[in-house]
Number of protein chains: 2
Amino acid sequence: MLNHWALSDCEKKVPKGKPRKKPSTTPVTIHDVAARAEVAISSISRVLSGHPDVSERMRIKVLRAANELGYEPDFFAQSLRSGATKTIGFIIRDISNPFFGVIAQCCEQELRKAGYSMMLMNSDGDVATESTNIAQLRRRKIDGLIASLVSEDVPELKSSLEKLNAPVVLLDRELTGFNSSAILTNHHQGIEDATADLISRGHSRIAFISGSTRVYTTRDRLKGFKSAFKKAEIAYPSNLVSLGKFDAEFGESETKRLFTLIDRPTALISGGIGSTAGAMRGLKKLGLIPGKDLAFVAIDEWPMFDVFGQHYSSVYRDAAMIGREAAAALLEMMNGGSSRTIIVDTTYIVRESSGGGLKAKRK
Amino acid sequence: MLNHWALSDCEKKVPKGKPRKKPSTTPVTIHDVAARAEVAISSISRVLSGHPDVSERMRIKVLRAANELGYEPDFFAQSLRSGATKTIGFIIRDISNPFFGVIAQCCEQELRKAGYSMMLMNSDGDVATESTNIAQLRRRKIDGLIASLVSEDVPELKSSLEKLNAPVVLLDRELTGFNSSAILTNHHQGIEDATADLISRGHSRIAFISGSTRVYTTRDRLKGFKSAFKKAEIAYPSNLVSLGKFDAEFGESETKRLFTLIDRPTALISGGIGSTAGAMRGLKKLGLIPGKDLAFVAIDEWPMFDVFGQHYSSVYRDAAMIGREAAAALLEMMNGGSSRTIIVDTTYIVRESSGGGLKAKRK
DNA sequence: GCATAAAATAGAAACGTTTCCAGAAACGAG
DNA sequence: CTCGTTTCTGGAAACGTTTCTATTTTATGC
């Protein structure tokens, strides 16, 4: 609601009566406007902030003076006094991950439309950094926070989020006992479909690599994985499940480990773009080709997937939608609305890489 | 230099003498600390900001009081008074582009270490949005700006950047007559090498697709492209050069257009990840395979290139280094140093896709 | 011990807003 | 015409710092 008064022609004239200190940059304050319009500064503030108790005559006088002077209210003075900062914090584990990039982009677009700016902080998957970031955002009195947290069970996490005194939207995280909105993904459905498909093709030794079970993401994926085995009444291959970190290093080393077991898996589902990148590297080094030497399903698609991932099966989810929904949920809360939980669907998309693995099984 | 006093045990005791309004959040101000330490508020400020004229006795008294109360200076009051905001603006055309994502990530890391926070703004390749973003950052009195601008010749651009009154680092842009640091890429070297290689393999009808010539990036790339032809004393195929936008749509439509010409090109160099994505799509739809039906060189590598782009030749540059250098240059300027121009190298990396195109030439 | 300089401290004035409060117009109703 | 009620406006007090200036204390040289 700031700066919404009509700008006609900004003459940018320095007021004559009161010479200000520095005529260089933007020395025009509310006092200058008040002097020019010959009214009190409180009236300037009222007009510009859209206060109802303002006469039409006053409105015109003030608006004209403000425009003539090219007045812009000082952001920090406003925030100091009013408490609102029109800033929202965005904490993410890794902005270089294109999946998060898309989320951030869409979020920023929506928030900008609503007059908010976005403060971006990477936590690099590190709990300590994340905690510093939260503290930093608290000092900056953000109006709201959107976060993809590193872990859900950090001791002081909830209290530090509460101290923010601002609405919070969590991305793919469940924090019980803390009032926040959440954009969750229905991972289990897509994973279950994928796993079931692999089972129906004859696989039983299916490897599964994803991040830490300390976040909803992994737990929900695992749920889908297990569920498919249960429904098929096949023993669940717990020794082929490797859950630890979302990064490529983990994905690569675990892929190498699992696929050099004596009784190696015939299929692989790997979770998160980082994980998948690692898995692909591992497979490449082992000389194993997805769709031929093993069946393979990637969780999440990466940029240019249509060109470079065209024969890879995937469990797909819409990053742009997640970003938009997060922004919408936060805006609603900041406008006094209540928190909500939104669940975004995933879809198992079958492509060539779902084949293979079986004929080479007993070589 | 803020908040660097040692925190031992924050007892978080509300001062007894002066009951503050809200005992809920963080009502502890510099006055409370002054009252507890029984000194003037100016002394608190001096101690905490590391002013030299402070006795050891005072230092200890103040630090103890501050820690006992868990005092944190109000960010907005500080900024209002001092003018410094410890905030740097980051304007980028498209954060969902992983190349920019990496730059942003590395920047943020470096800036965070130095105590700065990053305000991220997307301009979506739109000049008007970019201009709004700059205005927004001016209101927020950023201490510095890192920007990848949409275009270099926007009328009011220079003046709006000057009005920021803060050091600016430009990414791959040349703005003559405006004092700023710049992280440029030596595109022409890599492109020239790539073009020369293609020429030496017998190509002469080499297509070239990249963004607008209104930015340094494209001009420097074109320079390398032309230079290779000149050195080889071959006519430069101006009708096969298509420069317009960096996005995938442009890349795709131009690829389709160029490769359906009667005398179609035998090779393609496409610039920027967006462009390349489009080009790849176009080629795929035309049923042309890089490395076979045409020789192909991509400018910039994308995530997981080692796995999914393994047979694509590229003109490579180090995004992480660009990010780090940008941060370093900005920090230097903010500390009173002068502006500088850094040139990051590119390397032509030959892979399989540089082959092909010729045998199918006269079918 | 005394003048002089230097160091340390307190007090108050900014910084540029918003918002509270009280008073002044404007407006009907009696 | 007066009285109460609204509507509007001006003045001043916050908001929580930093920084300037003046004053007090301490150190230094003779």
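In what follows, every chain begins at residue 1, and chains take the letters A, B, ... in the order their sequences are listed. This structure is a prediction, so every number in the text was calculated from the model and none was measured.
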Describe the nucleic acid contact of A/S45 in one word from base, sugar-phosphate, nothing, applying a heavy-atom distance below 4.0 Å. base
Taking CZ from B/R140 and C1' from C/dT17, how many angstroms apart are they, rounded to a whole number? 16 Å
Closest heavy-atom pair, B/Q136 versus A/S117, reported as atoms and distance to 0.1 Å, is CG-OG, 3.6 Å
Report the distance from atom CZ of B/F75 to atom P of D/dG16, rounded to the nearest whole Å. 16 Å
Please give, in whole Å, the distance from C/dA10 C1' to B/I44 CD1? 12 Å
To the nearest 0.5 angstrom, please state how far the CD1 atom of B/I142 sits from the CE atom of B/M118. 12.0 Å
OP1 or OP2 of C/dT9 under 4.0 Å from side-chain N/O of B/S55: yes
Integer-rounded Å distance: D/dT24 C1' and B/D53 CG: 14 Å
Interatomic distance where NE2 belongs to A/H31 and C1' belongs to D/dA12 [whole Å]: 11 Å
Separation of B/L48 atom CG from D/dT18 atom C1', in whole Å? 12 Å
On the nucleotide D/dG10, are OP1 or OP2 found under 4.0 Å from the side-chain N or O atoms that A/S43 carries? yes
Give a yes or no answer on whether the side chain of A/S123 reaches the backbone of A/D126 with a donor-acceptor pair at less than 3.5 Å. no
Between the base of C/dG11 and the side chain of B/S42, is there a donor-acceptor distance below 3.5 Å? yes
Kindly point out which of C/dT18, D/dT17, D/dG10 is positioned nearest to the side chain of B/Y71? D/dT17
On a plain distance test, is the side chain of B/R46 in donor-acceptor contact with the base of C/dA8 below 3.5 Å? no
With nearest nucleotide decided by heavy atoms, which residue, B/M58 or B/K141, maps closer to the 5′ end of DNA chain C? B/M58
Among C/dA8, C/dT17, D/dT18, the nucleotide that comes nearest once only the side chain of A/I41 is considered: C/dT17
First of B/R57 and B/A77 reached from the 5' end of DNA chain C, by closest nucleotide: B/R57
If you pin A/P52 and A/R81 to their nearest nucleotides in DNA chain D, which one's is more 5'? A/P52
Gap between atoms CG and P, on A/D74 and D/dT17 respectively (whole Å): 17 Å
Do A/D124 and B/R112 meet the salt-bridge criterion of a basic N to acidic O distance under 4.0 Å? yes
Measure CG/A/L80 against C1'/D/dT18 and give the value in whole Å, please. 13 Å
Any salt bridge linking B/K61 with B/E38? Criterion: basic side-chain nitrogen under 4.0 Å from a carboxylate oxygen. no
